[in-house]
Amino acid sequence: MARKQILSGVALGAAAMLVLSGCASGGSADGGAGGGEAQAGGTLKVLANGDVDRLDPQLTAYVPVNSVVRSLSRSLLSYVSSNDVDERIALTGDLAEEVPTASEDGLTYEIKLRDGVTWNAPDGARPIVAGDVARGIERICNPHIGAALGGYFINLIDGMAEYCDGFAGVAAEPAAMKDYIESNDIKGIETPDDQTVIFKLVEPASDFTSMLSLPTANPAPIEVLDYLPDSPEYRENFVSSGPYTVASYTPDVKWEFVRNEAWNADSDPLRKAYVDKIEMTMGVEGDAAMQQLQAGSADLLFDLSPSPANIQQLTAANDTKFTTMENGGIDQFMWFNTTSDNNGGALKKLEVRQAIQYAIDKPAVVQVMGGEDIASVTNGIFGPGINGYEDFSLYGDKSGKADPEKAKALLKEAGVENLTLKFPYRNVGTQPDIAQTVQASLEAAGITVELFPVPPTDYYANFMTNRENASGGEWDVALVGWSPDWVGGAARSVFQPQFSFDGTPQAYNYVDFNSDKANELADQALAAATPEEAGKLWHEVDKTVMEESPIVSIVSRKKANYHSDRVQNFQIYALAQNGDWTNVWLKQ
């Protein structure tokens, strides 16, 4: 699920956000990939504002950290880094020899591990075996820190929910957790030999192989069980399987990664590892970071992106080192609070929600967010790049231009007058301007809007996810964002956390929205035999949800990237939404 600044899946505003149609605007189509003969050596200098959320692969859910994980750790499945959108979202083997196919009933997947892949273990290089894969999945359930994306696996792998229930009763101490993991197995994970892993699911899941590309499913060596997950001791003793390993770490200041001498290039089809060393310096503000990249004293950005002002400058200069990519997320969209009795319960009426769909001027929001180089109008729950996304609109034409007279007419038909909406917004960045733009649209349709700011750190954590604020009518409409947790076939990670309700409240389904018809279609999509069939069904899910109008989908924001002049072969690694640290090389 999502919550990341681009927290992967989250509330784009809370965190934020992933894919598809492509690369580049304001720069060359290849993203300034650079040509010439590759050169090995040098130090790749990366600038960051903040630290990693987690270094522990099982626990991280922060999109930028996928660059770190790819450098240090091998995944079961992954993606080729590419500036071609179709290439970069095509699953391929990493630790696994190839992408497995499901059994005829859709419930079983068998994976063969690649030869020659090793841990940089304290007592010397040691092969990664099937038991390490099982151990990694088992660590998801640890009672010390919850794995942010673990729910997808817990609910899908046979016996994993029961395994986690048992683990929850174990003391959150290394010795106790190690004993539980080494003494108990998950019924649905079999390891008949060191090279074979068999997953058995409780129901068909056409996106299961995509889930196996997440760091959450990475194997774990036995040595990690001697430490609390992602503790300072864990980080100090990190056991690498990727081309780099941790050399030094000062929290919130600097990471240094150097070559992992145990890494075997012949075993790795995805990483060339041209640079000798990677330095990530933290605590850098956006404008200062851009100045360093343009001056050539640093190379790449971690959790930073060019500002709207930067983008305007870079676009005007036709700087080929500036590129954008769609990431499958939607940022912004507006929830209706259908649980409160404000305005006589007006928002419970479908006609009123439909009226507001027509009221909002989406192209105006695009302009506020930086224009069409960085944002585009959306009309459904899925963003461009997700299998199931189609450009459609149930309310007006696809341009998203406001029709205030249509909105007024629908409100009149609904018998609603003097509608006054409480509208919180995050007072950070362009959010106040976006909120005021939406306010102006609503007021043009005769709707009064009461804007009030909420500190950005409280917006999702303490305001929107506080269910009493919805039921008590503290807000009527609210802007949020969301991005999928993986790429391509990722519709589940948008739909389930936000638009389905089984009686157990979810953090980001603010009003317990539920549609039996959409749920049934989603089940069919997850059981689909082919991606094409799944995509058609997910589009039906999209339309079904939007017919009930729980949200106004407004804008999809593109991910903006920039790199220094000396960075060559800047190819996008999809899970990180950035150039692949393990494949760039430096012009000397």
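Only heavy atoms go into these numbers, but all of them, side chains included; no hydrogens, no water, no symmetry mates.
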Between [Y] and [X], is the closest basic N to carboxylate O distance under 4.0 Å?
{"X": "R114", "Y": "D268", "result": "no"}
{"X": "D158", "Y": "K200", "result": "no"}
{"X": "R557", "Y": "E326", "result": "no"}

To the nearest 0.5 Å, what is the distance between CG on L270 and OG on S78?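 So the CG of L270 and the OG of S78 are separated by 5.5 Å.
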
Are [Y] and [X] an aromatic pair, judged by ring center distance below 6.0 Å?
{"X": "Y152", "Y": "W486", "value": "yes"}
{"X": "F208", "Y": "Y109", "value": "yes"}
{"X": "Y180", "Y": "Y163", "value": "yes"}

Indicate whether the side chain of [X] and that of [Y] have a donor and an acceptor atom separated by less than 3.5 Å.
{"X": "D580", "Y": "T582", "result": "yes"}
{"X": "S564", "Y": "D299", "result": "yes"}
{"X": "T323", "Y": "N561", "result": "no"}
{"X": "N66", "Y": "Q577", "result": "no"}
{"X": "S67", "Y": "Y573", "result": "no"}
{"X": "S75", "Y": "N218", "result": "yes"}
{"X": "Q571", "Y": "S81", "result": "no"}

For the side-chain contact (heavy atoms from CB on, under 4.5 Å) test, which of F499, Y389, F382, F495 pairs with D542? F382

Do you know which of V197, T196, T191 makes side-chain contact (heavy atoms from CB on, under 4.5 Å) with D193?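 Exactly one pass, corresponding to T196.
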
Above 12 or not: heavy atoms from other molecules or residues under 6.0 Å from NZ of K112?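 Yes - once you tally the heavy atoms of other residues, nucleotides and ligands closer than 6.0 Å, there are more than 12.
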
Please say whether more than 12 non-hydrogen atoms of neighbouring residues, nucleotides or ligands are located less than 6.0 Å from CD in E104. no

